[in-house]
Amino acid sequence: MVLRSKKTKPKAEAPAVPAWLRVTHWLNVAAVTVMVLSGWRIYDASPIFPFHFPAGITLGGWLAGALQWHFAAMWLLFVNGLVYLILNTATGRMKMKYFPLSLKELWRDIKQTLRLSLHHDDLSRYNMIQKLSYLFAIAALVMMVLSGLVLWKSVQFPLLRALFGGYDTARVIHFICMCFIVAFTFVHVVMALLVPRTLKGMVIGRF
Amino acid sequence: MAGSDKKFVRIDKKLVIKDAQKVIADPYRRLFMKKSMSLGALAMLSGCDFTDGNSVDTVLKAISRFNDKVQAWLFDPKRLAPEYTETQITRPFPFNAYYSEAEVRPAPQGYKLKLSGMIANKRDVTLAELHAMPQTEQITRHICVEGWSAVGRWGGVKFSDFLSRVGADLTAKYVGFRCFDDYYTSIDMPTALHPQTLLTLTFDGKTLPPKYGYPMKLRMPTKLGYKNPKYIAEIFVANDYPGGYWEDQGYEWFAGS
């Protein structure tokens, strides 16, 4: 096939997207997918807002099944997230890629985006919108895990329960974080499809 | 459904994958296929009712049992659930059972609580005897596995006092409950001995009404609602896993809060 005829590039420097990041990224995709779809089913058992999720797009079949999925995938989400945060910090990647943050640059990038003139010449560097939205996604997932801990073990973690305003408030926060993560994922996928080289980078490590 | 499943299995999976790999050499396309396949797999799983004993079901049940152990480890026998004030009580407190409120069964004539298993004094216990024991009250939050919660006020005998009084073997693993509405469940001994675990005889200062479990309900603010049996007919102590009405259908056993 034509696609096969491409010459393999000579081996160069370390991949732009390290293997640990690619692995944790895709494991996180799996974990978040299961958590969100089973979470919708659990929400449906006792909705906190006047709507429910159509059963067909949820995971688990019934409440007990959804809970089994949710409490299984939580380990993947938690352990994988911990590995990601530790490696991201220990390798210095976090500091190098995300900081310093700058409001001035954010404003410039927003203006360029609105003028449809935001460039992606160097994919190894994040623009300020990317930096902030990825940090936002990390923060939302951390909040998700912590509020989830309050729901799962509200008696055993009194400090966490107080910080989240009690059991019922933690439920609402858990739901709102889910909305943030789903919204982020939607934008993230659209952006990846608009600049497909980023998707290639997240799979094979090179853009 | 079973027939079409079998047809599916007969196809040599490895050959199919090998063929597919030839076609999808391009990494984008490979990724796209991979993602769509896993989405398809997820969509199929969402239709499962987890009673057909497939391998996914087995793995999920094993993780659920592992989670029971983690929860037993996380459970601090001295940590108290928060208590609330009179004004924070949820009124009306919701009725909840595996049947509707209209189907609540009255207590049998001449009701006495039966005791069995690893208990020294297996004599039947009357309500009068329970009322004669030291009474205590709590206003705590009942958390349902469905996600909702409600604050109620319960009064009765500390369950640890009761178990000591009847000479239960406190080194046993489980305390089980059989109820006259055909419900049944079981709990771990550390939770049974928790200071807020209460054999309740009253609700909101009055004799426990039929809808909340007359003649008695075991109240544990450290466990989800379905672990709190109402209409208790028999209490037993055992080392063999007794299961439960919801637990046998796939809900987790420990269900701690």
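Sequence lines set the chain letters: A, B, ... in the order given, protein chains first and strands last, and positions in each chain run from 1.
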Has [X] got its NZ or CZ under 6.0 Å from the middle of the six-membered ring of [Y], at an angle within 45 degrees of the ring axis?
X        : Y        : result
A:Lys153 : A:Tyr167 : no
A:Lys97  : A:Tyr126 : yes
B:Lys223 : B:Phe254 : yes

Taking the six-membered ring for Trp, are the ring centroids of A:Trp152 and A:Phe157 within less than 6.0 Å of each other? no

Would you say the ring centers of B:His142 and B:Trp148 fall short of 6.0 Å from each other? yes

If we check side chain to side chain contact (heavy atoms under 4.5 Å, CB included) with B:Tyr226, which of these qualifies: B:Tyr98, B:Tyr245, B:Trp246? B:Trp246

Quick check for you: among A:Tyr43, A:Trp75, A:Phe71, which has the greatest number of heavy-atom pairs under 4.5 Å with chain B?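 When all of A:Tyr43, A:Trp75, A:Phe71 are compared, A:Trp75 has the most.
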
Just give me the residue among A:Ala30, A:Ala45, A:Ser38 that pairs up with chain B most often, heavy atom to heavy atom, under 4.5 Å.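 Max contact count across the listed options: A:Ala45.
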
Is A:Pro47 close to chain B through its backbone or its side chain, or both, or neither, when contacts mean heavy atoms under 4.5 Å?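 Neither part; nothing is under 4.5 Å.
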
Taking side chain as everything from C-beta outward and backbone as N, CA, C, O, which of these in A:Leu67 sits under 4.5 Å from a heavy atom of chain B? Side chain, backbone, both or neither. side chain

Need one label for [X]: side chain, backbone, both or neither, based on atoms under 4.5 Å from any heavy atom in chain A.
X        : answer
B:Val59  : neither
B:Phe66  : side chain
B:Ile143 : side chain

